[in-house]
Amino acid sequence: MKPFEIVETPIEAQKYTDYVLHAGAGAVTVFTGHVREWTHGVRTLYLAYEAYVPMAEKKLAEIGAEMEVKWPGVKVAIVHRIGELHISDIAVLIAVSSPHRKAAYEANEYAIERIKEVVPIWKKEIWEDGEEWIGGQKKYPENGVVSK
Amino acid sequence: MKPFEIVETPIEAQKYTDYVLHAGAGAVTVFTGHVREWTHGVRTLYLAYEAYVPMAEKKLAEIGAEMEVKWPGVKVAIVHRIGELHISDIAVLIAVSSPHRKAAYEANEYAIERIKEVVPIWKKEIWEDGEEWIGGQKKYPENGVVSK
Amino acid sequence: MIKVNYFARLRELTGKAEETLEKESMTVGELLDWAEATYPGFGKDTMYVAVNEEYALKEDVIRSGDICAFIPPVSGG
Amino acid sequence: MIKVNYFARLRELTGKAEETLEKESMTVGELLDWAEATYPGFGKDTMYVAVNEEYALKEDVIRSGDICAFIPPVSGG
């Protein structure tokens, strides 16, 4: 495994948790995003994720670096799966260890927000009667996608 | 497994994660509290946890019920280990699933705060040159430990 | 008869995990006073009492058959 | 030569995953204009451009050998 990676196979939580754990870690938070059956009353059959893989892995690593600056002492692993994903499959996993719990929660939530802003990954929802690439609503800022 | 339990053996995250996952869950947060080697510059050899087991399991279940009221749609499992725990062992695990991620983070953090307030579990730290039951500093409120 | 449980620091202080008081009825406050008088260093001011696995107030009445526990400040997690 | 990658909706719209433009140099803004003119419905106003795997501004200059990608609004997670 790499600590920041895009994969095409099912995500196993344990190996990322093991990666972030160390003798100084008092708290570990693991967030997993799963394919949900119903969204706004519409039934999802499955999702198809696509990524600009080298750039996506680079951006995940940048998010990890941002977290280490904002919350000193955290250790981070982030993995996103692409391809065809079915109900309850893990799409994304964020593992964060920290000496203390507050940082483990905050840093983890920061990671998922940043992923949704800057990492070149796209989701297509496939329903019984159609399909659509998600994300079209959002207007991109004129001054660029700046690192935080 | 029981969704709210005190155990004497190592905690395996997967079975609690599996328990909270369902087709309507879009987000799962898993918090694990681990035995840390260094606390305030003092090296911990190991910890000994003790619980008033039936009351502790009851209080864990009450915390789960509080969470379901505050964040409708969450599904919760909480397990705390007792006995002798060594560096990096999991002392407590909180698994929360939710349709959306915000509630999964918030409810999870709420759970650990409540555990530290109301669940009858005690930790003894054993160092190279001594040992001490932790928790003595806190003054209990006169009006009781009220459910939130 | 009222059964009383001791945990953690109190189990070590009293040298016992439980004992039985030959009482028909007493308040939580009276139980705390008894423990403070019986076991030097008990520290009743930081202590809670659970009656039948529920936190009780000082004025609550304990009756024969009830199971009590002294709850020192908790430190789980 | 400038290499351009298409993903997601744009890959389906253009019917291709990548192509090569015979250009020595152009700005990001010019690349967006070219795509908008070439592929009806491209939607350049919601689009970002990455040059060598880094987000670029409209005035940034792309040079021969650079690898570009159109980045529609992302939806990972």
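Below, chains carry the letters A, B, ... as their sequence lines are ordered, and counting in each starts from 1.
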Item to check | Atom of A:A91, atom of D:G77 and distance for their closest heavy-atom approach | outcome: CB-O, 4.3 Å
Checklist entry - Which heavy atom of D:V74 sits nearest a heavy atom of A:I115, and at what distance? => result CG2-O, 4.4 Å
Next on the checklist: Please check this pair: side chain of D:S75 against backbone of A:W122, looking for a donor-acceptor N/O pair closer than 3.5 Å.
Outcome noted: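 A pair under 3.5 Å: no.
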Checklist entry - Does A:Y52 reach the main-chain N or O of D:F70 with its side chain, forming a donor-acceptor pair under 3.5 Å? => result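 It does not hold such a pair.
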Next on the checklist: Run A:E50 and D:R11 through side chain to side chain contact (heavy atoms under 4.5 Å, CB included) and show every step you take.
Outcome noted: CA-CA 11 Å; A:E50 191 173 323; D:R11 187 177 42 70; 2.4 Å; yes
Checklist entry - Does any heavy atom of chain D fall under 4.5 Å from the side chain of A:K124, the backbone, both, or neither of them? => result side chain
Item to check | chain D contact via A:A51 - side chain, backbone, both or neither, heavy atoms under 4.5 Å | outcome: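 Only the backbone of A:A51 comes within 4.5 Å of chain D.
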Checklist entry - How about A:E8: does its CD atom have over 12 heavy atoms from other parts shown lying under 6.0 Å from it? => result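 Counting other residues, nucleotides and ligands, CD of A:E8 stays at 12 neighbours or fewer.
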Checklist entry - Roughly how far apart are D:N52 CG and A:M55 CE, rounded to 0.5 Å? => result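 Answer for the CG-CE pair, D:N52 versus A:M55, is 10.5 Å.
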Next on the checklist: Between A:K58 and D:E54, does any side-chain N to carboxylate O distance fall below 4.0 Å?
Outcome noted: yes
